[in-house]
Amino acid sequence: MTADSAATPASNSPSGSAGEGAHRSDLQHAALSRFAEVYAHDPQGLWSAPGRVNLIGEHTDYNDGFVFPFAINYRTVVALRSRDDQLVRVASAFAPGEVVEASLTDLEPTNLHGWSAYPLGVVWALGQFGAPLGELRGVDLFIDSDVPVGAGLSSSAAIECAVAAALTDVWHLDFDRQTLAKVGQLAENKAVGAPTGIMDQSASMLGRPDHGVFLDCRSLDAEVIELGFDAADLELLVMDTRVSHSHATGGYAARRASCEAGAKAMDVSSLRDLSVHDLPRAEEVLDDETFRRVRHILTENQRVLDTVRTLREHGPTAIGELLDASHVSMRDDFEISVPELDLAVEVSRRAGAIGSRMTGGGFGGAAIALVPRARLAEVASAVTAAFAEASFTAPVIFPVTAAGGATRER
C-alpha cells in the first residue's frame, strides 16, 4: 500500500477559497470526532500539513539538484493525545477499524508495514535525529486527509510532516522545519522503502501562500519565491489521470540507479556537480540510456533556475515554455510519462494553457497546466473529452493554490 492510496478522492475536494475554508474545517472536525470514537477520549490538539505540487524540477532532488514545488490547499490532519505509558497507537480514516500499536523503545523500520509505516516511521526517525524516545510518553494518533488519491501530490509527505509537527510540539523537541523535512525523508526512505529525495517534505514544511519553495537539495538552503498567479489572473490546474503509481516500485528506483551510475561514470559525487555544458562529454562517456537519464537531470536543473529567474524578471505568464520543455524531457529522456499524461499535457496546451507538464515521480499520477482563469472550464472540458475519446478512465481535474506549510490547527 502506498501513501497516495491512503488519501481521500479528489472528487471530495474543495473548490474556491470559501469552499476551501469550510472543507478544511470539516476535515478537522471529522478527525476530532473520529479520534474520540476510536480512543474514547478527546485529543489534546490537531495539526495539519499540506500535499504539494512540483511546479518544476523532477527527479533532481535526490541528485542534490534544484527543485521548485509549492504546498497546496489539500491537507492531512493529525489529532493527538499523550499517554501515560510508552505506547504509540495510530488509527486513520483510510483504514477504518484498524488501530496499530507499537512501543517507543521497539520501533525498527523492518517491523513497520502498510499505511502505519508512515506515522510510525516518523516516530522512529525522530529518534534517529536525537529525540530521546526511551524518556518520552507515548501518544494516540488519528489521521485523516483530503490530499487526492494517486495524483502525485505527495500525500506521503503530508502524513509525515503532520505527524512530525505534532510530535515535535507535544514532546517539546528543538527541531526546526528543515530538520523535520529530513525526518520525513528518512521515514520514507527507510520505513516505507521509497528512495525519494527531500523535496516533498520541504514543500510541506516550508510552504507559504502564493509562494513556491526554491530548494537547493545539496545545501538545503530554501528561499520562498512569490508566484504571482493570482495577480496575473492565472490558475494551476491539476489533471489527475487516475493511473495509480508507487514510488516504492521499480521504475523510480531504476531511474535513481541510472543517475548514480551516470555520476560514477562521470567521476563526480552526484549529478549536481555537472551542468548542461558537460553534456557533450557525457554523451561520449555514457551508454545511450544513461546519457538520456543524465541529460534530463542536467537540463531540468537549468530549467528550475531559469523558472525562478523568469518569475522574478517577467512574471508567471513567461514560464510556459519551461514547463513544456520539462515535460518533453521527462517523456523522452527520463521516460517516466504514460499516454494519459501525454494526452493531458497536449490537449491542455491546445485548449489555452500557458504551459503544461506531468508532475511528481511519474508512471501515472497527474499533469499540471498553468491556465488563464477565464479558460479553466474550457481546458478542463477539452481534456475530459479527449480522455473519453481515447477510452481512458475519466480524469479528475481541479485547481490548486499555494498554501501554508505544516501547522498546529487547534
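These numbers were taken from a predicted model, which means no experiment stands behind them.
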> side-chain contact (heavy atoms from CB on, under 4.5 Å) between Asp216 and Arg272: does it pass, once the steps are laid out?
Replying inline: CA-CA 10 Å; Asp216 180 336; Arg272 168 62 180 276; 2.7 Å; yes
>> Looking at Asp140 and Arg89, is there a salt bridge between them, counting it only when a charged N and a carboxylate O are closer than 4.0 Å?
In response: yes
> In chain order, what residues pass the ring pair (Phe, Tyr, Trp, His ring centres under 6.0 Å) check against Phe229, with sequence neighbours excluded?
Replying inline: none
> Can you check whether Val147 reaches Thr76 side chain to side chain, under 4.5 Å on heavy atoms?
Replying inline: yes
> At what distance, to the nearest 0.5 angstrom, does OG1 of Thr310 lie from CZ of Arg303?
Replying inline: 12.5 Å
> What are the two closest heavy atoms between Ser356 and Met239, and how far apart are they?
Replying inline: OG-CE, 3.7 Å
>> Do Phe68 and Ile225 have side chains that approach each other closer than 4.5 Å (heavy atoms only, starting at C-beta)?
In response: yes
> When you check the gap from the basic side-chain N to the acidic O, do Arg349 and Asp324 get nearer than 4.0 Å?
Replying inline: yes
> side-chain contact (heavy atoms from CB on, under 4.5 Å) with Thr290: which residues, sequence neighbours excluded?
Replying inline: Leu286, Asp287, Val294
>> Return the CG to CH2 distance between Leu112 and Trp124, rounded to the nearest 0.5 Å.
In response: 9.0 Å
>> Out of the candidates Asp333, Asp332, Asp278, only one should pair with Arg295 under the salt bridge (charged side-chain N to carboxylate O under 4.0 Å, His left out) rule; please name it.
In response: Asp333
> Looking at residues at least two apart in the chain, or sitting in another chain, which of them share a side-chain contact (heavy atoms from CB on, under 4.5 Å) with Val338?
Replying inline: Glu340, Leu341
> Do you know the tightest heavy-atom contact between Ser329 and Thr299?
Replying inline: OG-OG1, 3.8 Å
> Measuring from Leu173:CG to Leu180:CG, what's the distance to the nearest 0.5 Å?
Replying inline: 8.5 Å
> Is the backbone N or O of Thr393 less than 3.5 Å from a side-chain atom of Arg242, with the two atoms forming a donor-acceptor pair by type?
Replying inline: no
> Of all residues at least two apart in sequence or in a different chain, which pass the ring pair (Phe, Tyr, Trp, His ring centres under 6.0 Å) check with His296?
Replying inline: Phe334
> Does the pair Asp64/Arg218 count as a salt bridge with the N-to-O cut at 4.0 Å?
Replying inline: yes
> Sub-3.5 Å donor-acceptor pair from the side chain of Arg408 to the main-chain atoms of Arg410, do we have one?
Replying inline: yes
> Who are the side-chain contact (heavy atoms from CB on, under 4.5 Å) partners of Ala49, not counting sequence neighbours?
Replying inline: Cys161, Ala162, Ser204, Ala406
>> Side chains of Thr179 and Asp176 only: does a donor on one sit below 3.5 Å from an acceptor on the other?
In response: yes
> Does some side-chain heavy atom of Val213 sit less than 4.5 Å from a side-chain heavy atom of Phe70?
Replying inline: no
>> Ignoring hydrogens, what is the shortest heavy-atom contact between Arg75 and Ser48? Give both atom names and the distance.
In response: NE-OG, 2.8 Å
> Hey, is the main chain of Gly65 close enough, under 3.5 Å, to the side chain of Asn63 for a donor-acceptor pair?
Replying inline: no
>> The test is ring pair (Phe, Tyr, Trp, His ring centres under 6.0 Å); show your working for Phe398 and Tyr74 and say whether it passes.
In response: CA-CA 11 Å; Phe398 53 98; Tyr74 295 84; 5.4 Å; yes
> Considering residues at least two apart in sequence or located in another chain, which fulfil the side chain to side chain donor-acceptor pair (under 3.5 Å) criterion with Arg293?
Replying inline: Glu335
> Should Lys264 and Glu260 count as an ion pair when the cut-off is N to O under 4.0 Å?
Replying inline: no
> So do Thr60 and Met199 actually touch side chain to side chain, heavy atoms under 4.5 Å?
Replying inline: no
> Do the side chains of Phe214 and Leu311 get nearer than 4.5 Å, heavy atoms only?
Replying inline: no
> Which heavy atom in Ala353 sits nearest to a heavy atom in Val371, and how many Å separate them?
Replying inline: CB-CG2, 4.0 Å
>> Run the ring pair (Phe, Tyr, Trp, His ring centres under 6.0 Å) test against Phe142 and tell me which residues pass, sequence neighbours left out.
In response: none
>> Could you check whether Arg137 and Gln86, counting side-chain N and O atoms only, form a donor-acceptor pair closer than 3.5 Å?
In response: no
> Got a sec, which residues hit side chain to side chain donor-acceptor pair (under 3.5 Å) with Ser202, two or more places apart in sequence or on another chain?
Replying inline: none
>> Looking at His211 and Pro209, would you say the former's side chain and the latter's main chain have a donor-acceptor pair under 3.5 Å?
In response: yes
> Can you find a heavy atom in the side chain of Leu167 that is under 4.5 Å from one in the side chain of Val123?
Replying inline: yes
>> Please tell me whether Asn54 and Thr359 have a donor and an acceptor in their side chains that are separated by less than 3.5 angstrom.
In response: no
> Is there a side-chain contact (heavy atoms from CB on, under 4.5 Å) between Gln185 and Glu188 once you walk through the steps?
Replying inline: CA-CA 5 Å; Gln185 182 197 16; Glu188 183 132 354; 5.8 Å; no
> His314: what forms a ring pair (Phe, Tyr, Trp, His ring centres under 6.0 Å) with it, not counting sequence neighbours?
Replying inline: none
>> Before you tell me yes or no, could you show the steps for Asp146 and Val77 under side-chain contact (heavy atoms from CB on, under 4.5 Å), namely the whole-Å CA-CA distance, both residues' side-chain angles and the distance that decides it to 0.1 Å?
In response: CA-CA 9 Å; Asp146 69 0; Val77 294; over 6 Å; no
> Looking only at heavy atoms, which two atoms of Ser326 and Arg357 are closest? And how far apart?
Replying inline: OG-NE, 3.0 Å
>> Quick check against the 3.5 Å criterion: does Tyr118 have a side-chain atom that pairs as donor or acceptor with the backbone of Ala187?
In response: no
> Can you name the nearest heavy-atom pair linking Leu104 to Leu133, along with the distance?
Replying inline: CD1-O, 3.7 Å
>> Working to the nearest 0.5 angstrom, can you tell me the gap between Arg373 CZ and Glu235 CD?
In response: 4.5 Å
>> Measuring from atom OH of Tyr62 to atom CD1 of Ile297, what distance do you get when rounded to the nearest 0.5 angstrom?
In response: 5.5 Å
>> Pair Leu220, Ile198 - check side-chain contact (heavy atoms from CB on, under 4.5 Å), show working.
In response: CA-CA 9 Å; Leu220 299 187; Ile198 201 169; 3.8 Å; yes
> Do the side chains of Val328 and Met330 get nearer than 4.5 Å, heavy atoms only?
Replying inline: no
> Atom CG of Leu153 and atom CD1 of Ile72: how far apart are they, to the nearest 0.5 Å?
Replying inline: 4.5 Å
> Listed by chain and number, what are the side-chain contact (heavy atoms from CB on, under 4.5 Å) partners of Val268, not counting sequence neighbours?
Replying inline: Ala263, Met266, Asp273, Leu274
>> By the side chain to side chain donor-acceptor pair (under 3.5 Å) test, which pairs, at least two apart or in different chains, include something from residues 158-170?
In response: Trp47-Asp169, Glu160-Gln201
> Within the side chain of Tyr39, is there an N or O that forms a donor-acceptor pair under 3.5 Å with the backbone of Leu141?
Replying inline: yes
> Which pairs pass ring-ring contact (aromatic ring centres under 6.0 Å, His included) with one or both residues in residues 162-193, sequence neighbours excluded?
Replying inline: none
>> Counting C-beta onward and ignoring hydrogens, is there a side-chain heavy-atom pair between Ser337 and His327 closer than 4.5 Å?
In response: yes
> Any donor-acceptor pair under 3.5 Å linking the side chain of Asn301 with the backbone of Phe66?
Replying inline: yes
